[in-house]
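Only one structure is covered here, and it is reproduced in the block below.
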Amino acid sequence: MARDDALRRSLDVLPGPEVDPPVPPHARGTRVVLRSIRELPGRGPTVSFAVAGTVLHDDGELTVVMTRPGSGRAARAGAGIGPQGRLVSATDWDGRYDVAAWEGETVVRVHRRGERWSVWRWHDGTDWTRRWYGNLETPWRRTALGYDTRDWALDVVAEGVPGTEDWRVAMKDEDELDWFVGTGALTPEQAAAVRGTGARLHGLLSRGEGAAGSGWEPWIPPGDIGPHPLPEGWQQIPGPGRPS
């Protein structure tokens, strides 16, 4: 168990400097950006993905961020060489970003401090949909712009109503995790730690525990908050001695 915890902690390390002093919790209604950060060879800490959102809750222990359709989002651009042509390799970025708008329904992301995942749900303007998503990632780090994390490739998806017969939970992107091992981006031991974390989240969702057992009523997207673009400087990661 101690060895597994050490491997998970090795995956928790985010590139870029720690913020000192730490940024206090963001107030409800604050416009933020949620970013996935990776260390790319020859480039250093780099934003892989970014999406604008609005804080619904942040008390230092629980963070809830909403993204409306039409909000700004950006992803690395290039010719994907990953599984099924996905752009996941550290070497397939051409230096540009695909900047567009978040599509579909409003998504709400819930992250509890220290957990290696966030749980997402979608709201259609009237009610929560049947779709759930568990995104495995490094525990969020609060910044002046919002929150930074690092995606772990493997995900957990679910559909239906927790605790009922039609509740279905499954793993997603296992091929992507295998691909990272094959290219040397992750060691087999690190990948096993990711799978162990995925199994834990799968179990929690299957049993209707954790976020799947929480009342989401306080996090219903407010009707008076609309979409907004990515903030200025969303792609910048401060270096040593520079403020975050």
Side-chain angles (χ1 to χ4, degrees), residues 25-36 48-59 61-75 84 86 98-112 115 117-137 140 145-147 149 151-173 176 198 201-231 234:
H26 294 297
R28 179 181 172 88
T30 301
R31 292 184 171 186
V32 294
V33 58
L34 179 62
R35 310 187 300 181
S36 179
S48 289
F49 181 81
V51 62
T54 303
V55 175
L56 298 183
H57 183 91
D58 184 1
D59 62 6
E61 294 298 324
L62 184 72
T63 303
V64 185
V65 177
M66 168 190 79
T67 297
R68 288 285 195 192
S71 294
R73 64 98 177 146
Q84 300 179 22
R86 279 174 260 167
D98 172 22
V99 181
W102 184 265
E103 298 179 345
E105 295 158 322
T106 299
V107 62
V108 176
R109 299 172 173 88
V110 174
H111 173 72
R112 191 170 297 279
E115 288 185 341
W117 60 74
S118 57
V119 176
W120 309 2
R121 290 187 74 183
W122 284 259
H123 198 278
D124 63 12
T126 301
D127 203 351
W128 298 104
T129 72
R130 291 168 53 85
R131 182 183 176 195
W132 297 67
Y133 196 94
N135 195 66
L136 268 62
E137 58 195 344
W140 292 10
L145 289 178
Y147 309 92
T149 184
D151 189 87
W152 281 10
L154 190 66
D155 302 301
V156 183
V157 294
E159 184 174 358
V161 179
T164 66
E165 292 184 356
D166 75 336
W167 181 235
R168 298 289 182 270
V169 182
M171 305 303 299
K172 179 179 178 291
D173 292 337
E176 194 169 305
L201 179 56
H202 187 288
L204 287 172
L205 293 177
S206 296
R207 296 189 299 271
E209 298 174 357
S214 302
W216 285 63
E217 289 78 9
W219 309 325
I220 293 174
D224 60 346
I225 299 179
H228 61 88
L230 291 166
W234 62 265

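Predicted model, so just to flag it, every value in this text is computed and none were measured.
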N/O donor-acceptor pair under 3.5 Å between R35 side chain and W234 backbone: yes
Listed partners of E61 passing salt bridge (charged side-chain N to carboxylate O under 4.0 Å, His left out), at least two apart: R113
Minimum-distance pair of heavy atoms, taken over all atoms of A52 and S71: O-CB, 4.0 Å
Separation between CG of D124 and CZ of R130, rounded to the nearest 0.5 Å: 13.0 Å
Member of L34, V32, L230 meeting the side chain to side chain contact (heavy atoms under 4.5 Å, CB included) criterion with V51: L34
Ring pair (Phe, Tyr, Trp, His ring centres under 6.0 Å) partners for W122, two or more places apart: none
R131 side-chain N/O to W128 backbone N/O, donor-acceptor pair under 3.5 Å: no
Shortest non-hydrogen separation from G198 to V156 and the atoms involved: O-CG2, 3.8 Å
Minimum side-chain heavy-atom gap V107-Y133 below 4.5 Å: no
Candidate pair T54 and H228, rule side chain to side chain contact (heavy atoms under 4.5 Å, CB included), full reasoning: CA-CA 9 Å; T54 303; H228 61 88; 3.5 Å; yes
Between W132 and W167, ring centroids under 6.0 Å: yes
Heavy-atom donor-acceptor pair, H111 side chain to W117 backbone, under 3.5 Å: yes
From CE (M171) to CG (D155), nearest 0.5 Å: 8.0 Å
V55 vs Y147, side chain to side chain contact (heavy atoms under 4.5 Å, CB included): CA-CA, chis, key distance, verdict: CA-CA 10 Å; V55 175; Y147 309 92; 3.6 Å; yes
Shortest non-hydrogen contact between M66 and T106, atoms and distance: CG-CG2, 3.5 Å
Distance in Å, S214 OG paired with R112 CZ, rounded so as to fall on 0.5 Å steps: 6.0 Å
Between CG on residue L145 and OG1 on residue T30, distance to nearest 0.5 Å: 12.0 Å
Closest heavy-atom pair and its distance - W216, A211: NE1-O, 2.8 Å
Criterion side chain to side chain donor-acceptor pair (under 3.5 Å) against T67, the qualifying member of R109, R73, E105: R109
Euclidean distance, L136 CG relative to H202 NE2, rounded to 0.5 Å: 12.0 Å
Any side-chain donor near an acceptor of the partner, E137 and S118, under 3.5 Å: yes
D58 side chain to H26 backbone, donor-acceptor under 3.5 Å: yes
Flag side-chain contact, heavy atom, 4.5 Å: L56 against P218: no
Considering all heavy atoms, the nearest P162-G208 contact: CB-CA, 4.3 Å
Donor-acceptor contact below 3.5 Å, side chain R28 vs main chain H57: no
Shortest non-hydrogen contact between V65 and T63, atoms and distance: CG2-CG2, 4.0 Å
